[in-house]
Amino acid sequence: MHLVGIAREIVVAAISEVLPLLSYEEIDNLLEIPPSMELGDYSFPCFTLAKQLRKSPVVIAKELAEKIPDNRLLEKVVVVHGFVNFYLKKGQLACDLIPKICHEGLRYGKSTEGAGKSIVIDFSSPNIAKPFSVAHLRSTVIGHSLARIWEHMGYKAERINHLGDWGTQFGKVIVAYKRWGEEDSLYPKGSIRHLLELYVRFHKEAEENPSLDDEARLWFKKLEDGDQEAYKLWAQFRQTSLESLKEVYELMGVTFDHYTGESFYNDLIPSAVLKLQPFIEVSEGAEIVPLGDDMPPFLVRKSDGATLYGTRDLTAAIYRYETFNFTKALYVVGGEQALHFKQVFAVLKKLGYDWAENCEHVPFGLMRFGDMKLSTRQGNVIFLEDVLDKSIELTKAIIEEKNPTLEDKEEVARAVGVGAVIFNDLRNNRIKDINFEWDELLNFQGDTGPYIQYTHARACSLLEKGGRLDEFNLDLLKEPEENALIISLERFPEVIKQAAKNNEPSTVARYLLNLARDFNKFYQAHRIVDAEEGLANARLMLVAAVKQVIAEGLFLLGIEAPEKM
RNA sequence: GCGCUUGUAGCUCAGCUGGAUAGAGCAACGGACUUCUAAUCCGUAGGCCGCAGGUUCGAGUCCUGCCAGGCGCGCCA
């Protein structure tokens with residue numbers, strides 16, 4: 001069991017000393033945070049012990065509390081009902097914690113749990129025949145954040161962009177391009193939006209002329225069989241799309257270690273299929289692997305012999321394990337593909353790969369627009385680039401209004417505008433569907449990215465005005481607003497751990513909102529730079545620590561933290 | 001039909017994996033800028049936690065059954 005956080009560790013240790021019945025880990029699991037500060041900082045419920053010890057929870061709690069030894073960080077231990085409530089000496093905690101945070105900087109809360117281990121994260125993975133729409137945003141920002149969170153846990157992250165650069169959809173685009181390429185086009189030949197026009201037109205025309213679908217399948221088959229013309233077109237489409245994609249990634253500050261898309265695995269597929277051979281059955285001309293009664297069969301090859309994305313996912317999984325020897329493999333892909341991954345993992349297990357247990361689908365909810373699902377096929381898309389641009393424009397306007405003398409306006413507007421979009425996506429549990437609402441997205445007040453960035457900039461401004469800090473006595477911090485911040489800073493490592501455990505960036509996002517709110521309350525209630533000298537220095541140190549943790553938390557979400565805005 | 005998933009304030013959502021009096025933001029209304037960045041803060045109002053059972057010291061949280069929405073269910077990804 002790896003414990004994080006100074007104070008929590010001490011509380012658990014103290015209980016452990018007087019309660020040998022439970023292990024360290026059991027105590028840590030039981031320990032909770034009371035609903036309000038008046039009830040203490042940590043709380044240990046004794047109800048579950050009642051049966052085992054055959055005593056009332058209140059009696060157990062009393063006995064336990066009496067035995068807890070004195071500790072330099074413990075203010076008092078109070079029994080309420082069946083709870084043992086621990087009150088920490090905030091001043092002392094501040095003395096221990098704040099210099100530590102300021103000293104460790106971005107390393108505060110970092111764990112060594114994953115030392116020597118690697119985690120493969122498959123995210124973003126857009127379909128490259130299609131434009132990058134807001135629907136792809138989710139996988140991109142969630143995956144990017146998870147990579148940073150797991151790195152903070154000490155893992156080596158392998159960021160993989162499993163580009164959808166192979167498959168029947170390319171047959172469709174080829175057919176459309178050959179028929180209608182450039183004709184009546186609003187966009188120049190070869191541009192990503194031109195490709196979208198073709199894609200949309202294909203589906204429209206295919207409704208009346210289903211033979212187009214057959215033609216598309218034929219072209220994809222030709223592509224797989226190495227047809228020169230098909231390959232050349234495919235390569236051209238791929239290149240255009242990739243260039244356009246990379247612009248968006250750059251704007252958002254998202255990076256990958258590997259751009260190994262589906263086409264990357266073409267050469268590896270035969271050997272993977274060979275491994276599958278003993279399990280394959282032929283059904284209606286297609287090759288399948290039956291998976292029992294509770295799951296539909298897994299399709300290996302279509303009746304025309306072409307592969308499917310499942311085949312490529314399977315091949316990719318094996319390749320990744322052999323290449324990275326991962327401890328964990330995450331697939332940050334929409335929830336609508338849950339069954340697909342269940343099938344892929346089941347097939348891996350059938351092949352005898354124990355590591356299939358370490359593969360995890362990290363699903364997320366749909367992005368909706370009004371009451372309809374965004375559908376590329378119907379041309380019903382919102383381009384991510386447009387969203388980012390709009391958000392950046394709005395940010396610029398706000399800067400002009402509120403802080404017209406700001407330097408680097410362009411750069412700040414980009415950081416804040418993009419941050420707003422990213423935060424909007426990471427704020428809630430990832431499984432929730434998101435209704436795409438311009439108004440909500442472009443509102444920069446309340447629970448938003450700009451709110452947190454603003455708080456950070458505010459803290460930076462105080463530090464700039466406060467000057468250099470040589471001497472400080474953190475024991476002077478006694479106000480409730482100060483205490484709230486100290487205890488909140490102390491909990492940050494737990495928060496990261498929790499976020500990693502659940503693959504849930506929103507845990508960090510929520511924490512930051514609370515921290516920012518607590519900070520703004522503190523800011524509102526007390527003078528800082530012009531408090532009496534000793535107190536001013538102590539408060540400025542607190543501000544420095546808060547600033548540090550906000551910047552670090554934003555980093556974990558993939559959001560920048562400008563010093564001024 | 002079967003499987004997965006969601007249901008908490010008018011709206012968008014938290015709720016620490018079963019704990020104490022269910023909390024935020026938005027929207028509404030009322031306040032606070034000659035003072036450290038008002039992208040802020042304070043206050044008011046707003047709740048049969050979808051419904052009904054069950055499990056136990058204790059349920060918004062777990063189990064069962066309904067109801068409602070969403071997503072899937074062999075040659076798309």
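Remember, predicted model here, so these are calculated numbers, not experimental data. In what follows, every chain begins at residue 1, and chains take the letters A, B, ... in the order their sequences are listed.
The base of B:rU17 does not come close enough to the side chain of A:N29 for any donor and acceptor atom to sit less than 3.5 Å apart. Checked by distance alone, A:S36 brings no side-chain donor or acceptor within 3.5 Å of a matching partner on the base of B:rA20. Residue A:N85 places a side-chain atom within donor-acceptor reach of the base of B:rA20, judged by atom type and a 3.5 Å distance cut-off alone.
To the nearest 0.5 Å, the span separating CZ on A:F298 from CD on A:E287 amounts to 11.5 Å.
Side chains of A:L31 and A:I15 form a contact here, defined as non-hydrogen atoms less than 4.5 Å apart.
Within 4.0 Å (heavy atoms only), A:T168 reaches sugar-phosphate atoms of the nucleic acid but no base atom. At the heavy-atom level, A:Q453 lies nowhere under 4.0 Å from the strands shown. Residue contacts shown for A:L308 are limited to sugar-phosphate atoms, with no base heavy atom under 4.0 Å away. Contacts of A:T48 with the nucleic acid, taken as non-hydrogen atoms under 4.0 Å apart, include base atoms. When heavy atoms are screened at a 4.0 angstrom cut-off, A:A286 is found touching base atoms of the nucleic acid. Within the 4.0 angstrom heavy-atom criterion, only backbone atoms of the sugar-phosphate kind lie near A:R510; the bases stay farther away. Using a 4.0 Å heavy-atom distance criterion, A:V495 is classed as making no nucleic acid contact. As judged by a 4.0 angstrom heavy-atom cut-off over every strand, A:L30 is placed among residues making no nucleic acid contact. Nucleic acid contact for A:R312: sugar-phosphate only, since backbone atoms but no base atoms lie under 4.0 Å from a heavy atom of the residue. Among the atoms of the strands shown, none is found under 4.0 Å from any heavy atom of A:G335. Backbone-only contact: A:N443 has heavy atoms under 4.0 Å from sugar-phosphate atoms and none from a base. Within the 4.0 angstrom heavy-atom criterion, no nucleotide atom of any strand lies near A:M295.
When only modelled atom types and interatomic distance are considered, A:N424 and A:E440 share no side-chain donor-acceptor pair under 3.5 Å.
Both thresholds, 5.5 Å between centres and 30° between ring planes, are met by A:F83 relative to the base of B:rA20, so the two rings are stacked.
In this structure, A:R458 forms a cation-pi arrangement with A:Y523, its terminal cationic atom sitting closer than 6.0 Å to the ring centre and no more than 45° off the ring axis.
Each of B:rU37, B:rG19, B:rC13 was ranked by its minimum atom distance to the side chain of A:P45; first place goes to B:rG19. Closest approach to the A:L339 side chain among B:rG74, B:rG72, B:rA39 is made by B:rG72 (side chain taken as heavy atoms from C-beta onward). When the nucleotides B:rC57, B:rG74, B:rC13 are ranked by their closest atom to the side chain of A:K51, B:rC57 comes out on top. Side-chain proximity of A:D447 to B:rG25, B:rC71, B:rU37: nearest is B:rG25. If you check B:rA20, B:rC36, B:rA77 against the side chain of A:S43, the one that comes closest is B:rA20. Considering only side-chain atoms of A:N429, the nucleotide from B:rG19, B:rC71, B:rG15 that sits closest is B:rG15.
Under the 3.5 Å distance criterion, the side-chain polar atoms of A:Q498 are left unmatched by any main-chain donor or acceptor of A:T507.
If you find the closest nucleotide of RNA chain B to A:N514 and to A:R217, the one lying nearer the 5' end belongs to A:N514. Mapping A:S506 and A:A457 onto RNA chain B by nearest heavy atom places A:S506 at the nucleotide closer to the 5' end.
Electrostatic pairing of A:E262 and A:R312 counts as a salt bridge here, judged by a charged N lying under 4.0 Å from a carboxylate O.
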